Each structure stands twice: as structure tokens, then as C-alpha cells.
S.K.: 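Here it is, the structure in full.
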Number of protein chains: 2
Amino acid sequence: MNKFSKSHPVTVDLTKHTCCTSDHNERVLAINDAMDVIRGKWKVQIIGTLLFGGKMRFMDLLRIIDGIAAKMLSKELQDLEAHQLVTRTVKETKPITVEYEITEYGKSLETVIKSVADWGIQHRRKMMQRK
Amino acid sequence: MNKFSKSHPVTVDLTKHTCCTSDHNERVLAINDAMDVIRGKWKVQIIGTLLFGGKMRFMDLLRIIDGIAAKMLSKELQDLEAHQLVTRTVKETKPITVEYEITEYGKSLETVIKSVADWGIQHRRKMMQRK
DNA sequence: CAGAATCCGGCACGATACTG
DNA sequence: CAGTATCGTGCCGGATTCTG
């Protein structure tokens with residue numbers, strides 16, 4: 001069930017614009033795909049936490065993320081796993097525990113998240129002073 | 001009506017974790033604020049288009065973005081203007097026209113968008129081959 | 001042309017309860 | 001502990017119509 005940019009049929013009538021054509025379109029699709037992965041209130045935070053904290057259990061995430069409900073955490077983690085950004089491993093301890101860890105591929109998101117965070121901090125400052 | 005991370009009260013009980021404290025919290029807030037600006041199906045695309053195409057009229061955007069409805073474009077542009085990422089200038093031509101342009105501050109988002117786009121392309125390739 | 005107004009369906013997200 | 005199941009709701013985003 002891969003919904004790759006289905007929302008945007010690649011039809012662009014160039015009735016008046018002869019400039020923006022070829023690879024500009026690919027960028028749009030890329031951005032949408034990327035945003036699909038990142039979208040959702042918690043995705044980025046989960047990845048960030050895992051990126052920063054290493055291997056963690058469900059409960060750890062539930063406690064650290066602060067505000068997230070179990071259902072959401074569960075669902076978002078499934079999404080991330082489907083995208084091969086995190087791994088899920090079940091430990092056969094007495095009360096069963098599950099550990100989540102970011103994949104090598106998932107680490108490639110660090111750049112993105114970092115730039116988002118950096119911009120956010122800057123934005124925060126700007127919005128504080130002015131007004 | 002500034003809703004700065006109101007969703008996440010900064011209460012983190014450290015019953016068991018003594019590590020993640022101080023500035024980690026600030027990063028979370030920063031990320032949320034940044035995502036608030038970027039969130040929405042069209043925001044990034046609009047900024048990207050303006051970033052790439054320079055000064056543009058409403059109709060241009062409406063045609064280029066392909067798929068967006070006037071209402072959405074209008075609303076998103078208002079949001080962006082409120083965040084001081086774009087400027088809106090009315091030209092007193094015969095049928096009135098309005099031009100939108102990205103601000104200097106808005107250009108600071110280029111880094112973010114670029115990293116998102118780059119990752120998206122890479123992600124796209126990966127998902128194509130495997131599976 | 002550049003929007004505002006209105007109506008509406010779906011799903012993102014939340015709260016709560018239950019299970020192995 | 002690590003989830004599912006169920007239910008409810010807001011608001012996000014789309015389609016359409018009207019206006020200056």
C-alpha cells in the first residue's frame with residue numbers, strides 16, 4: 001500500500017510557463033514524499049529521541065515524549081518501521097519488553113531534523129523579540 | 001494569537017531519567033515550532049516555489065502548484081505572511097493583481113527545504129528499488 | 001483577478017478500557 | 001509491559017459559489 005505522491009498527478013500544463021519543467025517536478029514529488037514520512041505530530045520527535053537516546057523501550061519513549069498517548073506512539077512507530085527508519089526487537093523477558101532502535105538509514109534523517117531544529121530555535125528567538 | 005508550543009507543557013518528571021534535561025527540552029520546543037510553520041499540505045511547496053521563482057502573482061501560484069484550491073492557497077499565504085516569511089503587495093492595475101515574494105527571513109528556510117528535498121529524493125530511490 | 005463565504009467529509013489525534 | 005480496541009471530536013483540506 002504505497003501511496004507515493006498519488007495525490008499529485010504529474011500533469012502540469014505549461015500554457016504560459018515554459019521555464020519550470022523537468023526536474024523541478026521531481027523536487028516537488030521528493031518534498032511531498034519526505035513530508036509524508038515526517039508529517040504527524042510526533043514523528044520527528046520520536047526519531048529525534050531515538051537518534052539521541054539510542055536503543056529504547058516502549059515505556060521509555062512513552063515517558064520521555066511527554067504528552068503522547070500509547071495508541072499514537074504505537075501507530076507512529078509502526079509507520080516508521082514500515083519506512084525502515086526504526087527496528088523493533090522483542091526481548092523474551094518475563095514481562096515481555098520491546099526495544100526500538102533507529103536504523104542506519106534512519107540516521108540519514110539527522111541532517112534534516114537538525115536543520116529543522118536549528119531553524120526552529122532561530123525562529124523562536126525572532127518571534128520572541130519582535131512582538 | 002500566538003500558540004507557541006502550548007500543546008506541550010514543559011513538565012518532565014525525571015523519576016528515572018537523570019540524563020536528558022536542560023537544553024534537550026528547548027530542542028523539542030524548537031522542533032515543534034518549526035513544524036507548526038511547515039505543517040500543512042502546501043506550505044513547503046509554496047515556499048519552495050516562491051524561493052525558486054521569485055516574485056509571483058496569486059494566479060501564477062495557483063497554476064504552478066497544481067492541485068491546490070484557491071481557498072487553501074489564500075489561507076496558507078496568510079499564514080506565511082503572518083510568520084513574516086512572505087510579503088504581499090497589491091498592484092493597482094486595472095484588474096487588481098497581487099504579488100507575493102519571499103522575505104529575507106523566508107530565505108533562511110532554504111536550508112531546511114533543501115535538506116528535506118534531498119532526503120526525499122534519496123528516499124524515493126530507496127523505496128523504488130527495494131520492494 | 002484575488003480572494004471571502006459556506007458547506008462538508010474524512011482522518012489525525014485524543015481518552016479510556018481491555019488483553020496476553 | 002506493550003500494545004490493541006473502541007469511541008468520540010476537531011480541524012484540515014476540498015468543492016463550489018459569490019464579490020469588488
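Naming convention: chains lettered A, B, ... in sequence-line order (proteins, then strands); numbering from 1 in each chain. Owing to the predicted nature of the structure, the values given are computational and were not obtained by experimental measurement.
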S.K.: Specify the separation, in whole Å, of atom CD of Glu92(A) and atom P of dC1(D).
M.R.: 17 Å
S.K.: With sugar-phosphate meaning primed atoms plus P, OP1 and OP2, does Met59(A) contact a base, only sugar-phosphate, or nothing at under 4.0 Å between heavy atoms?
M.R.: sugar-phosphate
S.K.: In sequence, state the C-alpha distance, the side-chain angles, and the governing distance for Arg63(B) and Asp60(B), and then conclude on salt bridge (Lys or Arg N to Asp or Glu O under 4.0 Å).
M.R.: CA-CA 5 Å; Arg63(B) 181 172 40 247; Asp60(B) 294 330; 3.0 Å; yes
S.K.: Find the distance Met56(A):CE to dA2(D):C1' and express it as a whole number of Å.
M.R.: 15 Å
S.K.: Among dG3(D), dG14(C), dG20(D), find the nucleotide with the atom closest to the side chain of Lys41(A).
M.R.: dG14(C)
S.K.: Rounded to whole angstrom units, what separation is found between the CD1 atom of Ile68(A) and the P atom of dA2(D)?
M.R.: 14 Å
S.K.: Nearest to the side chain of Trp42(B), which nucleotide is it out of dT4(D), dG14(D), dC13(C)?
M.R.: dG14(D)
S.K.: Please determine if a side-chain N or O atom of Tyr100(A) lies less than 4.0 Å away from the OP1 or OP2 oxygen of dG3(D).
M.R.: yes
S.K.: Closest approach to the side chain of Val98(B), judged atom by atom: which nucleotide of dA4(C), dC1(D), dG3(C) is it?
M.R.: dG3(C)
S.K.: Please report, rounded to the nearest Å, how far the P atom of dG3(D) is from the CD atom of Gln78(A).
M.R.: 8 Å
S.K.: Round to the nearest Å and state the distance from Lys71(A) atom NZ to dA17(C) atom P.
M.R.: 15 Å
S.K.: Taking the side chain from Lys43(A) and the backbone from Arg39(A), do they hold a donor-acceptor pair closer than 3.5 Å?
M.R.: yes
S.K.: Nearest to the Thr97(A) side chain among dC1(C), dA2(D), dT4(D), which nucleotide is it?
M.R.: dA2(D)
S.K.: Just by distance, do the side chain of Thr103(A) and the backbone of Gln84(A) share a donor-acceptor pair under 3.5 Å?
M.R.: yes
S.K.: Of the listed nucleotides (dC13(C), dG20(D), dG14(D)), which one gets closest to any side-chain atom of Glu76(A)?
M.R.: dC13(C)
S.K.: Whole Å only: how far is the CZ atom of Arg39(A) from the C1' atom of dG10(C)?
M.R.: 15 Å
S.K.: Taking for each residue the nucleotide of DNA chain C with the nearest heavy atom, is it Met72(A) or Ile96(A) whose nucleotide lies nearer the 5' end?
M.R.: Met72(A)
S.K.: The side chain of Arg88(A) is closest to which nucleotide in this list: dG3(D), dC1(D), dG3(C)?
M.R.: dG3(D)
S.K.: Using whole Å, what does the distance between atom C1' of nucleotide dC12(D) and atom CG of Leu73(B) come to?
M.R.: 16 Å
S.K.: Provide, to the nearest angstrom, the distance between the CD atom belonging to Glu99(B) and the P atom belonging to dC1(C).
M.R.: 14 Å
S.K.: Are any of Thr93(B)'s side-chain N or O atoms less than 4.0 Å away from OP1 or OP2 of dC1(C)?
M.R.: no
S.K.: With heavy-atom distances below 4.5 Å as the criterion, would you say the side chains of Glu104(B) and Lys107(B) are in contact?
M.R.: yes
S.K.: To the closest 0.5 Å, what do you measure between CD1 (Ile31(A)) and CG (Asp118(B))?
M.R.: 9.5 Å
